[in-house]
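Below, each value reflects all heavy atoms present in this structure, side chains not excepted, and no hydrogens, waters or symmetry copies. Order of listing sets the numbers, starting from 1, for every ligand and every atom in it. For reference, positions follow the sequence shown, starting with 1.
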Amino acid sequence: MSLDNISHTGSHTKAAGLTPGADELVPSRYALRVGEIDVLVVSDGVMPIAAQVLGTNVDPAVLKAGLNDMFLPPEVVDWPLNVVVVRSGGRTILVDAGLGVEFPDFPRAGRLALRLEAAGIDLASVTDVVLTHLHMDHVGGLLGDGVKDRLRPDLRVHVAAAEAEFWESPDFSRVSMPRPIPGVLRRAAKQFLNEYHSQLRTFETEYEVAPGVVVRRTGGHTPGHSVVRLASGSDRLTFAGDLVFEVGFDHPDWHNGFEHDPEETARVRVRLLRELAANRELLVATHLSFPSVCHVAVDGDVFRCVPAVWDY
Ligand SMILES: [Zn+2]
């Protein structure tokens with residue numbers, strides 16, 4: 001096995017009688033506790049995206065220099081995909097579902113199902129799914145590959161009412177995505193809404209899914225984009241979904257090409273980062289480098305992600 005961080009779950013896995021994913025070089029899961037709440041960050045893998053989407057309102061030379069400062073390549077960056085499993089009050093909650101295996105152009109993503117299994121988490125034990133929004137890199141893991149059949153029939157899928165409504169007739173006039181992507185996003189969201197229609201539990205502004213686990217609509221990235229806020233005892237953690245990208249600490253005003261309302265997203269991003277810096281709670285976000293668990297420091301208009309200590 002080469003030391004390249006690529007999963008090796010081929011036929012030798014079955015031959016050895018191992019759990020799929022159990023013989024990966026790294027398990028790609030990271031556990032922590034927030035008071036009484038168990039949290040597991042799981043990597044769905046990484047997907048390459050054109051670096052230009054990280055700063056669509058920035059002069060290309062400035063973007064290139066900024067990416068270089070952050071040790072990010074100028075043309076194509078690997079976008080991490082973090083998913084979170086939360087256990088509280090007897091409920092097992094999957095927050096977002098990664099890209100899934102429906103999109104063969106991204107062979108290094110779609111690992112979630114394997115990695116949950118390797119972590120001993122049966123899909124049938126998941127009582128709730130919370131979706132920050134309905135972009136394919138967040139709902140794809142629920143589509144295809146027999147996943148729906150392995151989930152329990154009484155599964156509750158929580159999504160903001162504004163998000164479900166948006167995808168009935170989505171507005172792509174403000175985004176800046178490579179050509180084929182809007183169509184793929186439309187189809188994935190529609191497929192999700194069709195397949196999970198009867199399990200959807202929509203909320204207006206916020207909903208407490210389990211003790212100390214609150215999903216709250218922020219808007220911005222998409223009209224129904226939501227974050228998940230965990231609170232137990234004096235501990236706090238926020239899963240920020242797509243409000244914060246790798247470049248969002250140094251350049252919170254940079255627009256991301258996937259943002260359906262980029263100005264509003266930047267306002268929401270700065271407000272959240274300032275709040276997390278002030279109350280010193282932990283941050284996890286979808287597209288920050290795994291496991292992404294960090295505190296937020298602030299200096300004027302610039303933020304910093306300070307990695308948390310892992311104590312397992
Ligand atoms: Zn995303």
Side-chain angles (χ1 to χ4, degrees), residues 41-56 72 76-84 94-103 105-106 108-112 129-143 157-160 162-164 166-167 170-172 174-178 180-192 215 217-228 238-249 252 254-262 264-266 268-269 272 283-292 305:
V41 185
V42 181
S43 170
D44 186 53
V46 296
M47 59 188 288
I49 57 155
Q52 70 203 40
V53 308
L54 296 177
T56 57
L72 292 169
V76 176
V77 297
D78 280 335
W79 223 2
L81 292 164
N82 299 314
V83 174
V84 173
L94 180 64
V95 183
D96 283 351
L99 189 68
V101 294
E102 293 281 274
F103 308 100
D105 290 347
F106 301 107
R108 294 155 69 210
R111 307 267 174 215
L112 178 66
V129 172
V130 174
L131 295 170
T132 60
H133 61 299
L134 300 186
H135 279 163
M136 68 172 179
D137 52 324
H138 300 256
V139 301
L142 299 174
L143 308 175
V157 181
H158 308 276
V159 65
E163 186 70 7
F166 173 70
W167 288 99
D171 177 2
F172 280 78
R174 305 291 318 283
V175 303
S176 218
M177 304 170 184
I181 292 183
V184 178
L185 292 178
R186 271 194 192 93
R187 280 196 299 280
K190 283 241 153 95
Q191 187 186 344
F192 163 77
V215 56
R217 184 165 76 89
T218 64
H221 185 76
T222 58
H225 181 279
S226 301
V227 299
V228 178
T238 290
F239 181 74
D242 278 12
L243 282 189
V244 186
F245 303 104
E246 283 154 303
V247 300
F249 295 95
W254 283 10
H255 295 169
N256 183 285
F258 286 83
E259 290 163 350
H260 291 257
D261 184 344
E264 175 63 6
T265 309
V268 176
R269 175 164 45 245
L272 179 71
L283 166 70
V284 174
T286 305
H287 302 296
L288 299 181
S289 183
F290 177 82
S292 97
C305 170

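Classified by interplanar angle (parallel below 30°, tilted 30° to 60°, perpendicular above 60°), the ring pair F172/W167 is perpendicular.
The Zn ion (ligand 1) has an N, O or S atom of H287 inside 2.8 Å of it. For a distance bound of 2.8 Å, the N, O or S atoms of H138 include one lying that close to the Zn ion (ligand 1).
Taking the N/O/S atoms of D242 in turn, the shortest distance to the Zn ion (ligand 1) belongs to OD2. No other N/O/S atom of D137 lies as close to the Zn ion (ligand 1) as OD2 does.
Ion pairing between a basic and an acidic side chain is recognised when a charged N comes within 4.0 Å of a carboxylate O; R187 and E102 show no such pairing.
Under the 6.0 Å cut-off for aromatic ring centres, H135 and H225 do not qualify, their centroids lying 6.0 Å or more apart.
The two residues V76 and P48 come nearest to each other via the heavy atoms CG1-CB, 3.6 Å.
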